[in-house]
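What follows is a single structure, written as structure tokens, with notes after it.
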Number of protein chains: 2
Amino acid sequence: MAVTKRSKQRDAIVNELCQRHDHPTAEEIYLALKTAMPNLSLGTVYRNLNMLSEDGTIQKISVGGADHFDGNAMNHYHMLCSECKRLYDVSYPVIEDIEEKAVSFADGKITSHTITFFGVCNGCLH
Amino acid sequence: MAVTKRSKQRDAIVNELCQRHDHPTAEEIYLALKTAMPNLSLGTVYRNLNMLSEDGTIQKISVGGADHFDGNAMNHYHMLCSECKRLYDVSYPVIEDIEEKAVSFADGKITSHTITFFGVCNGCLH
DNA sequence: TATAATAATAGTAACAATTATCATTATTGA
DNA sequence: TCAATAATGATAATTGTTACTATTATTATA
């Protein structure tokens with residue numbers, strides 16, 4: 001099921017996701033929009049986030065626990081804080097040739113890659 | 001809760017995981033051992049896999065859907081097949097200095113990293 | 001080698017995250 | 001304006017995982 005008709009709900013979800021620079025879960029987006037759209041449904045948030053990540057408008061990131069979403073569709077890397085479980089951008093330059101290089105070590109074709117760093121964010125260190 | 005006393009169940013789980021080179025989910029390990037240990041409990045499999053990954057004996061890998069486990073505790077990279085959802089090893093040499101290099105692009109301290117490639121495995125391509 | 005302390009288990013219930021269902025509403029092209 | 005149908009809200013169902021508890025197994029020490 002690809003996106004065809006527009007909806008206020010989807011516009012609000014994309015807008016919210018692109019304005020924030022954290023990487024909220026579906027529920028966090030739902031809670032953020034709930035005030036302005038009191039009868040928004042959590043299922044609608046999930047459905048739209050999935051459609052949007054399938055057609056490449058946004059990114060879905062699985063790191064254990066609830067999935068996180070990222071309004072920045074350009075490939076970039078992340079760090080997961082083991083204390084607060086928040087996900088942060090790591091502006092390390094994307095390794096452009098890693099996919100072509102890796103293909104000889106892999107058993108199939110490669111279409112994309114992600115790098116996730118694990119550690120403790122400054123907020124949790126202090 | 002760290003491991004102190006041994007158990008046949010945990011030994012079987014570690015043994016199973018180290019013998020196979022796929023990256024089974026908790027349920028796949030449970031099903032594989034169920035024949036030989038008919039009253040093994042799925043909760044026991046989960047509990048042990050978590051204890052073992054916490055003390056670094058095995059690895060837990062989250063890529064969406066059920067978590068996968070890897071008996072090889074050395075850092076190495078993986079590819080997720082978007083067709084069959086199986087996780088494969090990618091023997092691309094580990095980028096030893098990426099964590100020190102990335103720290104200046106990150107907002108905290110880094111303790112480890114993973115690289116996940118996405119694509120389609122040979123089994124699903126043919 | 002008994003025994004006492006307690007870690008680990010099986011079985012089950014509870015929980016969290018996500019998806020499916022379906023009647024109603026909103027969007028859009030003719 | 002209206003018909004076709006995509007999208008929604010509300011809720012039920014499903015999936016993956018953790019928590020609970022009485023019982024069993026392991027292990028250190030007498």
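A, B, ... follow the sequence lines: proteins, then strands. Residue 1 opens every chain.
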Subject >> Candidate pair B:Lys60 and B:Asn50, rule side-chain hydrogen bond (donor to acceptor under 3.5 Å, both in side chains), full reasoning >> reply: CA-CA 8 Å; B:Lys60 182 186 205 169; B:Asn50 282 335; 2.9 Å; yes

**OP:** Tell me whether the OP1 or OP2 atom of D:dT18 has a side-chain N or O from B:Arg47 closer than 4.0 Å.
**Re:** no

Original post:
Reckon B:Ser7 touches a base, only the sugar-phosphate, or nothing at all at heavy-atom distances under 4.0 Å?
Top reply: sugar-phosphate

Original post:
Cut-off 3.5 Å, side chains only: do B:His21 and B:Asp89 have a donor facing an acceptor?
Top reply: no

**OP:** Please report, rounded to the nearest Å, how far the P atom of D:dT18 is from the OH atom of B:Tyr30.
**Re:** 16 Å

Original post:
Nearest nucleotide by nearest heavy atom, which residue falls closer to the 5' end of DNA chain C, A:Leu42 or B:Ile13?
Top reply: B:Ile13

Original post:
Can you check whether B:Asn50 has a side-chain N or O nearer than 4.0 Å to OP1 or OP2 of D:dT18?
Top reply: yes

Subject >> Distance flag, aromatic centroids of A:Tyr88 and A:His68, threshold under 6.0 Å >> reply: no

**OP:** Using atom CG of A:Asp55 as one end and atom P of D:dA7 as the other, report the distance to the nearest whole Å.
**Re:** 11 Å

Original post:
Could you state the CE-P distance from B:Met37 to D:dA25, rounded to the nearest angstrom?
Top reply: 11 Å

Original post:
Any chance CZ of A:Arg86 has more than 12 other-residue heavy atoms, nucleotides or ligands included, within less than 6.0 Å?
Top reply: no

Subject >> Worked verdict on A:Asp70 versus A:His78 for side-chain hydrogen bond (donor to acceptor under 3.5 Å, both in side chains) >> reply: CA-CA 10 Å; A:Asp70 192 332; A:His78 295 102; 3.0 Å; yes

Original post:
Taking for each residue the nucleotide of DNA chain D with the nearest heavy atom, is it A:Asn48 or A:Gly43 whose nucleotide lies nearer the 5' end?
Top reply: A:Asn48

Original post:
Parallel under 30°, tilted from 30 to 60°, perpendicular over 60°: which one fits the rings of A:Tyr92 and A:Phe117?
Top reply: tilted

Subject >> Residue closer to the 5' end of DNA chain D, B:Tyr46 versus B:Lys8 (nearest nucleotide) >> reply: B:Tyr46

Original post:
Under the 3.5 angstrom rule, does the side chain of A:Asn15 hit a backbone N or O of A:Asp11 as a donor-acceptor pair?
Top reply: no

**OP:** Work out how much the helix from C:dT1-D:dA30 to C:dA30-D:dT1 bends between its end axes, five pairs an end, to the nearest 10 degrees.
**Re:** 40°

**OP:** Starting at atom CD1 of B:Ile61, determine the distance to atom P of D:dT17, rounded to an integer number of angstrom.
**Re:** 13 Å

Subject >> Bounds of contact between DNA chain C and chain B, in 5' to 3' order, using a heavy-atom cut-off under 4.0 Å >> reply: C:dA5 to C:dG11

Original post:
At under 4.0 Å, does any side-chain N or O of A:Thr4 touch on OP1 or OP2 of D:dA7?
Top reply: yes

Original post:
How long is the line joining CD of B:Glu28 and P of D:dG16, in whole Å?
Top reply: 10 Å

Subject >> Check: B:Lys34/B:Asn39 side-chain N/O donor and acceptor closer than 3.5 Å >> reply: no

Original post:
So, does A:Thr116 use its side chain to make a donor-acceptor pair with the main chain of B:Thr114 at under 3.5 Å?
Top reply: no

